[in-house]
Amino acid sequence: MNINTKDYAISENKLIKIDSFSTKYEGKLEKEKGLKLFNELLIKLQDLQALLYADSSKALLVVLQAMDAAGKDSTIRNVFGPINPQGCKVVSFKGPNSVELLHDFLWRIHQNVPRKGHIGVFNRSHYEDVLIVKVKNLAPEKTIKQRYNHINAFESMLNDEGTRIVKFFLHISKDYQKEQLQERLDIPEKLWKFTMSDIQERARWDEYQHAYETMFEKCSSPKNPWYIVPAERKWFRNLLVAQVLVETLESMDLKYPAAQVDPKQIVIP
Ligand code: ATP
Ligand code: MG
């Protein structure tokens, strides 16, 4: 039994209630079977990445967004770890530096969009500019309102120029976040990840959830869908992300470049 990725996709601009999406996979697929499927998908993903690289006419951009401690890093490690690093780059977007702040919000994003033949993974992204920036009033309301359209136009331009985009929201509950943050405090090797901003942002949980809802409502399309990933079962989270990536790459009509030579005519001396 495979999972139906469409069940998790937001492919059109519509108002959704984030609470109506489960944070835990509760379907029939068992973990053991899920792990087996995941390993099969990883092999497919590796083959498709090699094809994307050889084809070199298109790129894939993967956007990862989530509340703190939802597992973005672990998703990246599990799903993209086995991929050939020659054709895959992860970029983490933190708060903008002083130079970035002197430019429009998409300036630093555009520079990091993957080149053709590559997979680019955004650990946080341009969507922060309508999430944290909205929640903490870091820009005027009017500016933020305009950004949804700018993001859609930007993504649409990337599509036209050969970049496919898939966007994942790792969905967790507030209780689960508490457990994960507590783990950062309890496990010495994880402590370095804890910052006081984790507590500050957590206090604005509801405002963030609402900002996410607005983002889904305004920036979802068949070409650039969001996937709401129930992220509290890590095996399922990894499986869903990997399956969406495989399906997306399979739909990109990738081809090996035409042969430059007729192999039958060539004898290697
Ligand atoms: P981890 O889950 O490991 O904590 P992280 O992605 O949260 O990873 P941090 O260094 O803890 O990394 O946090 C980065 C911070 O930068 C986040 O709070 C994020 O909201 C913020 N940020 C990212 N982009 C922007 C932006 N455009 N404007 C303001 N803040 C931003
Ligand atoms: Mg953090």
Side-chain angles (χ1 to χ4, degrees), residues 3 8 18-27 29-39 41-42 45 62-83 85 88-95 121-125 127-128 131-136 166-213 215-216 226-245:
I3 43 177
Y8 304 89
I18 215 168
D19 282 353
S20 66
F21 287 78
S22 175
T23 55
K24 271 193 200 103
Y25 174 69
E26 276 153 1
L29 186 64
E30 282 164 12
K31 181 175 174 182
E32 203 181 327
K33 178 83 198 301
L35 289 173
K36 189 168 165 282
L37 281 173
F38 178 63
N39 285 325
L41 283 167
L42 283 186
L45 194 55
V62 182
V63 170
L64 278 177
Q65 284 291 157
M67 297 299 286
D68 283 305
K72 288 184 277 94
D73 289 345
S74 143
T75 306
I76 292 169
R77 202 170 54 247
N78 283 281
V79 178
F80 298 94
I83 276 186
C88 181
K89 189 172 144 196
V90 180
V91 185
S92 297
F93 290 99
K94 311 284 181 185
V121 183
F122 282 181
N123 181 355
R124 303 188 186 270
S125 66
Y127 284 99
E128 291 291 327
L131 292 165
I132 188 170
V133 173
K134 183 171 195 246
V135 169
K136 296 177 89 175
V166 271
K167 305 179 286 201
F168 295 103
F169 170 62
L170 306 185
H171 185 30
I172 58 168
S173 65
K174 199 173 175 186
D175 287 345
Y176 181 84
Q177 189 197 45
K178 187 174 181 181
E179 284 167 28
Q180 296 303 112
L181 291 176
Q182 189 61 50
E183 212 175 279
R184 287 185 179 183
L185 292 174
D186 293 343
I187 301 176
E189 291 76 20
K190 291 197 174 179
L191 187 54
W192 68 275
K193 274 199 154 193
F194 186 87
T195 59
M196 282 315 287
S197 81
D198 292 336
I199 302 289
Q200 287 154 20
E201 303 315 315
R202 178 175 165 78
R204 300 170 192 255
W205 182 274
D206 291 341
E207 289 162 79
Y208 270 105
Q209 300 291 300
H210 185 65
Y212 271 107
E213 285 174 349
M215 179 195 85
F216 295 131
W226 274 102
Y227 289 86
I228 300 188
V229 181
E232 293 185 22
R233 303 250 189 273
K234 291 174 189 156
W235 66 268
F236 183 79
R237 173 200 72 194
N238 296 339
L239 176 66
L240 179 58
V241 171
Q243 192 167 321
V244 169
L245 296 177

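None of the values given here were measured: they were computed from a predicted structure.
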Item to complete: Determine, step by step, whether Lys174 and Gln209 satisfy the side chain to side chain contact (heavy atoms under 4.5 Å, CB included) criterion, reporting the C-alpha distance in whole Å, the side-chain angles of both residues, the deciding distance to 0.1 Å, and the verdict.
Response: CA-CA 10 Å; Lys174 199 173 175 186; Gln209 300 291 300; over 6 Å; no
Item to complete: Walk me through it: do His171 and Tyr212 pass the test side chain to side chain contact (heavy atoms under 4.5 Å, CB included)?
Response: CA-CA 10 Å; His171 185 30; Tyr212 271 107; over 6 Å; no
Fill in: Chi angles and distances behind the side chain to side chain contact (heavy atoms under 4.5 Å, CB included) call for Lys72, Arg124
CA-CA 9 Å; Lys72 288 184 277 94; Arg124 303 188 186 270; 3.7 Å; yes
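From Tyr208, atom OH reaches atom CD1 of Ile132 across 3.5 Å, with rounding to the nearest 0.5 Å. Interatomic distance, CG of Leu42 versus CG of Leu245, reported as 10.0 Å (0.5 Å rounding). With rounding to the nearest 0.5 Å, the separation of CZ in Phe169 from CG in Leu131 is 9.0 Å. Between atom NZ of residue Lys234 and atom CZ of residue Arg237 there is a gap of 6.5 Å, rounded to the nearest 0.5 Å. Rounded to the nearest 0.5 Å, atoms CG (Asn238) and CG (Leu37) are 13.0 Å apart. The distance from the NZ atom of Lys178 to the CD1 atom of Ile199 is 9.5 Å, given to the nearest 0.5 Å.
Across all their heavy atoms, Arg77 and Pro82 have their closest contact at O-CD, 4.1 Å. For the pair Leu29 and Gly34, the tightest heavy-atom approach, listed with the atom from each and the gap, is CD2-CA, 4.1 Å. Closest approach of Ala242 to Phe38, counting heavy atoms only: CB-CE1, 3.7 Å. The two residues Met67 and Trp205 come nearest to each other via the heavy atoms CE-CE3, 3.5 Å. Of all heavy-atom pairs between Leu170 and Ala70, the closest is O-CB, 4.0 Å. Across all their heavy atoms, Thr23 and Ile172 have their closest contact at CG2-C, 3.4 Å.
Using a cut-off of 4.0 Å between Lys/Arg side-chain N and Asp/Glu carboxylate O, Lys134 and Glu207 are scored as not salt-bridged.
For the residue pair Lys167 / Tyr127, a side-chain donor-acceptor distance below 3.5 Å is found, with atom types taken as modelled.
Judged by distance alone, the side chain of Asp198 and the main-chain N or O of Thr195 form a donor-acceptor pair under 3.5 Å. In this structure, Gln177 contributes its side chain and Asp68 its backbone to a donor-acceptor pair below 3.5 Å. Put simply, the side chain of Gln243 gets close to the backbone of Ile3: a donor and an acceptor are under 3.5 Å apart. With hydrogens and angles disregarded, no donor-acceptor distance shorter than 3.5 Å links the side chain of Glu128 to the backbone of Gly95.
Of the residues listed (Phe21, Tyr8, Phe216, Phe168), the one engaging Tyr227 in a ring pair (Phe, Tyr, Trp, His ring centres under 6.0 Å) is Phe168, and it is the only one.
When side chains are defined from C-beta on, Val166 does not count as touching Val63, because their heavy atoms never get closer than 4.5 Å. The shortest distance between side-chain heavy atoms of Arg204 and Lys136 falls below 4.5 Å. At a threshold of 4.5 Å between non-hydrogen side-chain atoms, the residues Lys24 and Tyr176 do not count as touching.
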